[in-house]
Asker: 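Quick one: the structure is below, questions incoming.
Atoms considered below: every heavy atom in the structure, side chains included; atoms not considered: hydrogens, waters and symmetry mates.
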Amino acid sequence: MGKKKKKSGTTRGPAGQIPGKDNFQRMNFLYQAAHTVMSSNPQNVQLARYYTSTLKRMAKNCVLRLDPNVKRSMCKRCHSLLIPGVTATVRIRTKREKHVVVTCLECRMVSRYLARKDYQLWTELPTSLLSYRQPGTDTGKNNGPVTATGTNDSASASSTVGGNADQQKQSCKYERLLLHP
């Protein structure tokens with residue numbers, strides 16, 4: 001008949017790598033390139049817009065979630081990078097509830113965001129953490145949360161992983177992948 005397919009119990013790739021890490025790194029590069037272009041020459045909006053539209057298209061095609069802070073720094077209509085005073089105006093309004101109004105100067109798109117004291121984004125909730133269990137034995141490496149920069153954070157790993165020390169060594173938790181400018 002045909003070959004039997006292997007059954008894998010994990011969603012991780014070979015050697016415990018994070019799936020889609022190269023896509024996150026590319027999106028991180030595009031976001032940083034858009035910021036660099038805008039900081040070096042504020043009149044070159046078209047190139048920064050191209051980078052951000054490519055970033056959004058890549059996230060959509062690869063089915064990856066962008067951090068809300070990154071989403072809020074890009075216009076939903078024209079894909080330009082929203083920099084206060086350069087490509088956007090930012091106002092705080094207290095009508096009904098206190099909220100921040102961001103207006104894109106290119107296409108006049110208005111975005112409103114709540115500004116409550118107790119308001120939390122989905123990335124700040126403890127349920128946004130993904131837990132994975134590493135197959136095999138512990139290699140003695142730090143198994144803390146991995147961010148898009150590739151660094152481990154053992155302090156937050158000990159606070160987020162429940163159970164005894166053996167479970168902490170065997171399980172690997174990583175926070176959502178962030179795109180830092």
Asker: Using every non-hydrogen atom in the two residues, find where A48 and V37 come nearest and quote the distance to one decimal.
Answerer: N-CG1, 4.2 Å

Asker: For residues 48-61, pull every pair meeting side chain to side chain donor-acceptor pair (under 3.5 Å), keeping only residues two or more places apart or in separate chains.
Answerer: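 Sorted result for residues 48-61: R49-E106.
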
Asker: Of all heavy-atom pairs between P42 and V45, which one has the smallest distance, and what is that distance?
Answerer: O-CG2, 3.4 Å

Asker: Please round to the nearest 0.5 Å and tell me the distance separating atom CG of L105 and atom OG of S80.
Answerer: 8.5 Å

Asker: According to salt bridge (Lys or Arg N to Asp or Glu O under 4.0 Å), who are the partners of R116, at least two apart in sequence or on a separate chain?
Answerer: E97

Asker: Any side-chain heavy-atom pair from M27 and L66 closer than 4.5 angstrom?
Answerer: yes

Asker: Of all residues at least two apart in sequence or in a different chain, which pass the side chain to side chain donor-acceptor pair (under 3.5 Å) check with T87?
Answerer: none

Asker: Roughly how far, to the nearest 0.5 Å, is NZ of K21 from CG of N28?
Answerer: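 N28 atom CG to K21 atom NZ measures 11.5 Å (nearest 0.5 Å).
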
Asker: Going by the rule side chain to side chain donor-acceptor pair (under 3.5 Å), which residues pair with N69 if we only count those two or more places apart in sequence or in a different chain?
Answerer: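 For N69, the residues satisfying side chain to side chain donor-acceptor pair (under 3.5 Å) (neighbours in sequence not counted) are D67.
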
Asker: Determine whether M74 and L81 satisfy the following criterion, side-chain contact (heavy atoms from CB on, under 4.5 Å), listing intermediate values before the conclusion.
Answerer: CA-CA 5 Å; M74 292 183 281; L81 200 61; 4.1 Å; yes

Asker: Any side-chain heavy atom of L47 sitting closer than 4.5 Å to one from N41?
Answerer: no

Asker: Provide the full list of salt bridge (charged side-chain N to carboxylate O under 4.0 Å, His left out) pairs with a residue in residues 27-42, sequence neighbours left out, each pair given once.
Answerer: none

Asker: Nearest 0.5 angstrom please: R72 CZ to L82 CG, how far?
Answerer: 12.0 Å

Asker: Roughly how far, to the nearest 0.5 Å, is NZ of K95 from CZ of R112?
Answerer: 9.0 Å

Asker: When you measure from the side chain of R93 to the backbone of V101, do you find a donor-acceptor pair of N or O atoms at a distance under 3.5 Å?
Answerer: no

Asker: Kindly write out the residues that satisfy side-chain contact (heavy atoms from CB on, under 4.5 Å) with V100, not counting sequence neighbours, or none if the list is empty.
Answerer: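 Listed in chain order: V90, I92, V102, A115.
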
Asker: Report whether I83 and L30 are members of the same hydrophobic cluster (ILVMFWY, side-chain heavy atoms less than 4.5 Å apart, transitive linking).
Answerer: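 Yes; L30 is reachable from I83 via cluster members.
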
Asker: Do you know the tightest heavy-atom contact between E124 and Y119?
Answerer: OE1-O, 4.4 Å

Asker: Check whether V70 and M58 end up in the same hydrophobic cluster, where Ile, Leu, Val, Met, Phe, Trp and Tyr are linked by side-chain heavy atoms less than 4.5 Å apart.
Answerer: yes

Asker: Just verifying a value: how many Å separate C104 SG and R77 CZ, rounded to the nearest 0.5 Å?
Answerer: 8.5 Å

Asker: Quick one: NE2 on H79 to SG on C107, what's the gap to the nearest 0.5 Å?
Answerer: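 If I round to the nearest 0.5 Å, the distance is 9.5 Å.
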
